[in-house]
There are 2 protein chains.
Amino acid sequence: MRIAELSRRSDVPVPTIKYYLREGLLPAGERTGPNQASYDDGHLRRLRLIRALIDVGGLPVAKVRDVLDAIDTAADEPLHEMLGVVAKSIGRTTSGEGESFAEARATVDEMVQRHGWHVDQGNPHRDELAGVLVGLDQLGHSELSKHFDVYFDAAQRIAREDLDYVSKLGGLEAILEGVVIGTILGEAAFAAIRRMAHVDASARLFRERGLTQ
Amino acid sequence: MRIAELSRRSDVPVPTIKYYLREGLLPAGERTGPNQASYDDGHLRRLRLIRALIDVGGLPVAKVRDVLDAIDTAADEPLHEMLGVVAKSIGRTTSGEGESFAEARATVDEMVQRHGWHVDQGNPHRDELAGVLVGLDQLGHSELSKHFDVYFDAAQRIAREDLDYVSKLGGLEAILEGVVIGTILGEAAFAAIRRMAHVDASARLFRERGLTQ
DNA sequence: CGATAGTAGATAGCACCACTATCCACACCT
DNA sequence: AGGTGTGGATAGTGGTGCTATCTACTATCG
C-alpha cells in the first residue's frame, strides 16, 4: 500500500507518518522508484503500536524509538535476556545523586533482596524507585515506603499474570511486542484501576466511620 | 522567610518560584511592604510537594495546579467526598468518542460492577481505562483485558494499604495531601516495582523453560 | 496525451510548555 | 550611601511534536 492508505487505515496524518519515518520510529517502505515506496501490514501494525505508546502510554517520541529499537535488537539475544533488554529501554533515566539517594538506593536493594527477585544491579527501575523514596522522604512521608511490601506482592501477582498471557503468543517478535504492550498499556490500565480503587476504598472507609473529622 | 531562603531550602531557583507564583501553584507570601513579602513553612512544604509531583510524578504544571486547587477546595466538602474530588482532579482527560469507545466503556462499567466498587459514573478513570481497552483492541490484544480481574484485586489490596496509612495522618489537610502523595508517588513507585517484577518473572519463566524457541 | 492527484524528501514554521533572563522601582542592611 | 535583594512585569529560550510548504518526480484517469 502507499502512504495515503497507511494514513487512512491508521488514522495518522501523512505528514505525521513522514515525521515518524524521519525520526526512525517507522522503518522506510520498500522502494519501488525514485520517489515511490510501498508499505505493508507490518508498517501498519508498527504505526498502531507507536500511536498506542504515545496516546495511551504517554511516552515521548524519543522513548518510543528506544523501545522499538529494543524490540528489534533483542531478537538476537538469548530469550531470558530479551525481556530484560526491552524492560530496560522502558525505564526513565532518573538521574540519582547525593547522599540521600544512595541511602534510598540501598533501601531498594534490600527490598528486592528480601523478596528474592532476580533484578540485575544495573536495572534502571531500581534507581527510579529510589528516586520516589527520596521524594517521599523530602515530603516527610518516608513511612509510606514501609507499606511497599504489599506493592511487591501485588506486582508479583500481576507480573505472573502478564507473563502467562505473553508467553502464549506465537513467535519471538510477538512476545517482545506483547511485553511492551503489557508493560506500557498494562501500566496505564493499572493506574486507572488503582485510582478507582482509591475512590472506592475511601468511600468505604469514611462512610462507615461517619463524618468524624 | 524571604524568597531567597525559600529558594535555598527547597532547591528551586528564585525565577522558578516566581513562575509558580504567577501560575497559581504557590499562594502569594504575606505582604510586608510594596515590594516585600514573607513566606512560611507552608510555602516550603507546598513547594516541595510541587517539585515531587513534577519530578517524580511527571505531572505537567497545569495538572499540578488542578490537584492543588482540589486539595484547597475539598476541605469544604464532606469527608467521604473530599477524596473523590482530589481523585478526580488527578485523572487525565481522555477524550473518548466513537463506537468502539462506548463499547469499551461498557466493559469497564461491567468490571467495576462485578467487583462491587463504588465509583461514580462521572469518574474520569473509567474513561481512562476504557481508552486503554480501545488501544489494546486496536493492537489485537483485547485478550489481555481478560486478565484485569487480577489487576482489580491487586489494586484493591494496595488501596486498602494506602488508605490505612493516610487515615492515620492527623488533620484534614494532611490527609488530603497524603492522598495526593500516595496516589501520585505511589503510582510511580508501583510502576517501577511492577517493571522489576516483570524482569524477575520473565527471568524465572524462561530460565526454567530453557532456551526453547 | 495531458491534466490532476499523489509521492519522497527536504526545509521551515508553529503552538505549547517549562522555565530563564532582564528590567524596573523600590526596600533592606550595614 | 551603596550594594544586594525584592515583587512584578515582560520578553526570550530550548525542547517537543507535529504541520505546512516546496521541489522534482510518478501514477492514474479520461
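No experiment lies behind these values; they were computed from the predicted model shown.
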Any chance you could measure B:Tyr151, atom OH, to A:Arg157, atom CZ, to the nearest 0.5 Å?
13.5 Å

Could you list all N or O pairs between the protein and nucleotides 4-7 of chain C that sit under 3.5 Å apart?
residue: C:dT7; atom: OP1; partner: A:Ala4; partner atom: N; Å: 3.3
residue: C:dT7; atom: O4'; partner: A:Gln36; partner atom: NE2; Å: 3.3
residue: C:dT7; atom: O2; partner: A:Asn35; partner atom: ND2; Å: 2.9

Would you say a side-chain N or O of B:Tyr20 is under 4.0 Å from OP1 or OP2 of C:dA18?
no

Grab the two heavy atoms, one from B:Gly24 and one from B:Arg65, that are nearest each other, plus how far apart they are.
O-CG, 4.1 Å

Is there a residue in residues 53-71 of chain A whose heavy atoms reach under 4.0 Å of DNA chain C, and which residues are they?
none

C:dC17 P sits how many Å from B:Glu23 CD, rounded?
10 Å

Using a 4.0 Å heavy-atom cut-off across all strands, classify B:Pro34 as base, sugar-phosphate, or nothing.
sugar-phosphate

Show me, pair by pair, the donor-acceptor contacts under 3.5 angstrom made by side chains of residues 127-135 of chain B, not counting sequence neighbours?
residue: B:Asp127; atom: OD1; partner: B:Arg105; partner atom: NH1; Å: 2.7
residue: B:Glu128; atom: OE1; partner: B:Arg92; partner atom: N; Å: 3.4

Verdict with supporting geometry, A:Arg160 and A:Tyr165, side chain to side chain donor-acceptor pair (under 3.5 Å):
CA-CA 9 Å; A:Arg160 267 200 272 269; A:Tyr165 170 75; over 6 Å; no

Under a 4.0 Å heavy-atom criterion, DNA chain D is touched by chain A from D:dG17 to D:dA27

Reported CG-to-CD distance for the pair A:Leu172 and A:Glu177, which is rounded to 0.5 angstrom
12.5 Å

Across the strands shown, which category fits A:Arg22 at heavy-atom distances under 4.0 angstrom: base, sugar-phosphate, nothing?
base

For residues 10-19 of chain A, tabulate all N or O donor-acceptor pairs below 3.5 Å that involve a side-chain atom, not counting sequence neighbours.
residue: A:Ser10; atom: OG; partner: A:Leu6; partner atom: O; Å: 2.7
residue: A:Ser10; atom: OG; partner: A:Ser7; partner atom: O; Å: 3.4
residue: A:Ser10; atom: OG; partner: A:Val12; partner atom: N; Å: 3.4

Can you measure A:Tyr19 atom OH to C:dA8 atom P for me and round it to whole angstrom units?
19 Å

Any donor-acceptor pair under 3.5 Å from B:Arg126 side chain to B:Val119 backbone
yes

Could you check whether A:His198 and B:Asp162, counting side-chain N and O atoms only, form a donor-acceptor pair closer than 3.5 Å?
yes

To the nearest 0.5 Å, what is the distance between OG1 (A:Thr73) and CG (A:Asp76)?
7.0 Å

CG/B:Asp137 to OG1/B:Thr107 distance, rounded to the nearest 0.5 angstrom?
9.0 Å

Please tabulate, for the side chains in residues 31-40 of chain B, all donor-acceptor contacts under 3.5 angstrom to protein atoms that are two or more places apart in sequence or on a different chain.
residue: B:Arg31; atom: NE; partner: B:Gly33; partner atom: O; Å: 3.4
residue: B:Arg31; atom: NE; partner: B:Gln36; partner atom: O; Å: 3.2
residue: B:Arg31; atom: NH2; partner: B:Gly33; partner atom: O; Å: 2.9
residue: B:Arg31; atom: NH2; partner: B:Pro34; partner atom: O; Å: 2.5
residue: B:Gln36; atom: OE1; partner: B:Arg2; partner atom: NH1; Å: 3.2
residue: B:Asp40; atom: OD1; partner: B:Gly42; partner atom: N; Å: 2.9
residue: B:Asp40; atom: OD1; partner: B:His43; partner atom: N; Å: 3.1
residue: B:Asp40; atom: OD1; partner: B:His43; partner atom: ND1; Å: 2.9

